[in-house]
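Input: a single structure, listed below in structure tokens.
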Amino acid sequence: MSKRIKISYDENNFNLHTDEGMELLEKSIRKVGVIESITISSDEKIISGNARHEKISEVLGDAEPIIVETDGTKPIILKRTDIKRGNLVKYKVKKDGKFNVNIDKNELKRLLKGNDG
């Protein structure tokens with residue numbers, strides 16, 4: 001059973017993304033739905049998936065999420081019941097993600113120095 005939660009973006013995310021990458025991500029979600037999950041912390045802040053969260057919200061609106069709680073000691077496997085040849089789709093989504101990297105070098109340097117505010 002899922003529940004409604006209010007997640008917030010990672011204020012330490014140093015990937016500014018690119019317009020091209022965000023457009024490809026949106027097209028991918030529209031075409032095949034959500035392939036990769038979003039990971040949040042126990043205080044409901046995004047650890048991985050800021051761009052996916054943004055585009056999922058735009059494309060799917062307020063679709064109720066499926067929340068799987070874990071302590072990280074076991075893998076979580078998502079099985080898409082509507083896709084027969086997931087490897088082809090997964091490759092496309094991974095390839096598209098390469099266009100969505102735009103590192104904020106100043107933020108990354110700050111984080112690496114341990115000055116995280």
Side-chain angles (χ1 to χ4, degrees):
M1 182 174 191
S2 63
K3 60 181 178 178
R4 289 272 179 208
I5 61 170
K6 176 71 175 157
I7 62 177
S8 58
Y9 289 94
D10 176 9
E11 61 273 2
N12 293 318
N13 182 17
F14 51 82
N15 186 354
L16 302 174
H17 305 289
T18 66
D19 292 339
E20 180 183 21
M22 293 299 278
E23 184 178 320
L24 288 169
L25 178 57
E26 181 177 341
K27 285 180 181 178
S28 177
I29 292 169
R30 287 188 190 284
K31 184 172 183 175
V32 297
V34 180
I35 297 292
E36 293 187 54
S37 62
I38 297 168
T39 302
I40 62 171
S41 60
S42 60
D43 58 351
E44 300 177 350
K45 294 187 183 213
I46 296 176
I47 296 171
S48 172
N50 286 290
R52 287 188 300 277
H53 179 261
E54 179 180 328
K55 290 302 171 184
I56 288 168
S57 296
E58 287 177 19
V59 174
L60 301 178
D62 64 348
E64 189 169 346
I66 298 170
I67 300 168
V68 177
E69 294 187 359
T70 180
D71 63 2
T73 59
K74 295 180 182 177
I76 297 171
I77 299 172
L78 302 176
K79 180 180 178 181
R80 286 287 299 266
T81 57
D82 62 325
I83 297 175
K84 298 280 186 208
R85 299 194 61 171
N87 288 341
L88 297 175
V89 175
K90 183 177 178 183
Y91 173 77
K92 182 191 177 319
V93 171
K94 289 289 188 186
K95 183 177 163 237
D96 292 350
K98 291 179 184 176
F99 292 104
N100 204 18
V101 177
N102 180 15
I103 302 297
D104 181 341
K105 292 178 182 140
N106 291 328
E107 179 67 9
L108 179 58
K109 286 177 188 176
R110 185 181 68 78
L111 289 171
L112 292 174
K113 287 182 182 178
N115 301 325
D116 53 2

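All values below were derived from every heavy atom in this structure, side-chain atoms included, with hydrogens, water molecules and symmetry-related copies excluded. Small disclaimer: the values here were computed from a predicted structure and weren't measured.
- Rounding to the nearest 0.5 Å gives a distance of 11.0 Å between CD of Glu44 and NZ of Lys6.
- Applying the ring-ring contact (aromatic ring centres under 6.0 Å, His included) rule to pairs touching residues 23-45 yields nothing, sequence neighbours excluded.
- Considering only residues two or more places apart in sequence or on other chains, Asp82 meets the salt bridge (Lys or Arg N to Asp or Glu O under 4.0 Å) condition with Arg80.
- Under the salt bridge (Lys or Arg N to Asp or Glu O under 4.0 Å) criterion, Glu23 pairs with Lys27, sequence neighbours left out.
- A ring-ring contact (aromatic ring centres under 6.0 Å, His included) check over residues 31-50, counting only residues at least two apart or in different chains, returns nothing.
- Ile77 meets the side chain to side chain contact (heavy atoms under 4.5 Å, CB included) test with no other residue; sequence neighbours excluded.
- When the side chain to side chain contact (heavy atoms under 4.5 Å, CB included) test is applied to Ile38, the partners found at least two apart in sequence or on another chain are Ile40, Ile46, Arg52, His53, Ile56.
- Within the 4.5 Å cutoff, no side-chain heavy atoms of His17 are placed close to those of Glu54.
- Between Glu26 and Glu58 the shortest heavy-atom distance is OE1-OE1, 3.7 Å.
- Remark: Ser37 engages Leu78 in a side chain to side chain contact (heavy atoms under 4.5 Å, CB included) (not counting sequence neighbours).
- Put simply, the side chain of Asn15 gets close to the backbone of Asn102: a donor and an acceptor are under 3.5 Å apart.
- For Ser8, the side chain to side chain contact (heavy atoms under 4.5 Å, CB included) partners at least two apart in sequence or on another chain are Lys45.
- Note that CG of Leu24 and NZ of Lys55 are 10.5 Å apart. Values are rounded to the nearest 0.5 Å.
- Annotation: side chain to side chain donor-acceptor pair (under 3.5 Å) contacts of Thr73 (sequence neighbours excluded): Asp71.
- Hydrophobic clustering (ILVMFWY, side-chain heavy atoms < 4.5 Å, transitive): Leu60 and Ile67 are in one cluster.
- For residues 56-82, the set of pairs meeting the ring-ring contact (aromatic ring centres under 6.0 Å, His included) definition, not counting sequence neighbours, is empty.
- Remark: Ser57 engages no residue in a side chain to side chain donor-acceptor pair (under 3.5 Å) (not counting sequence neighbours).
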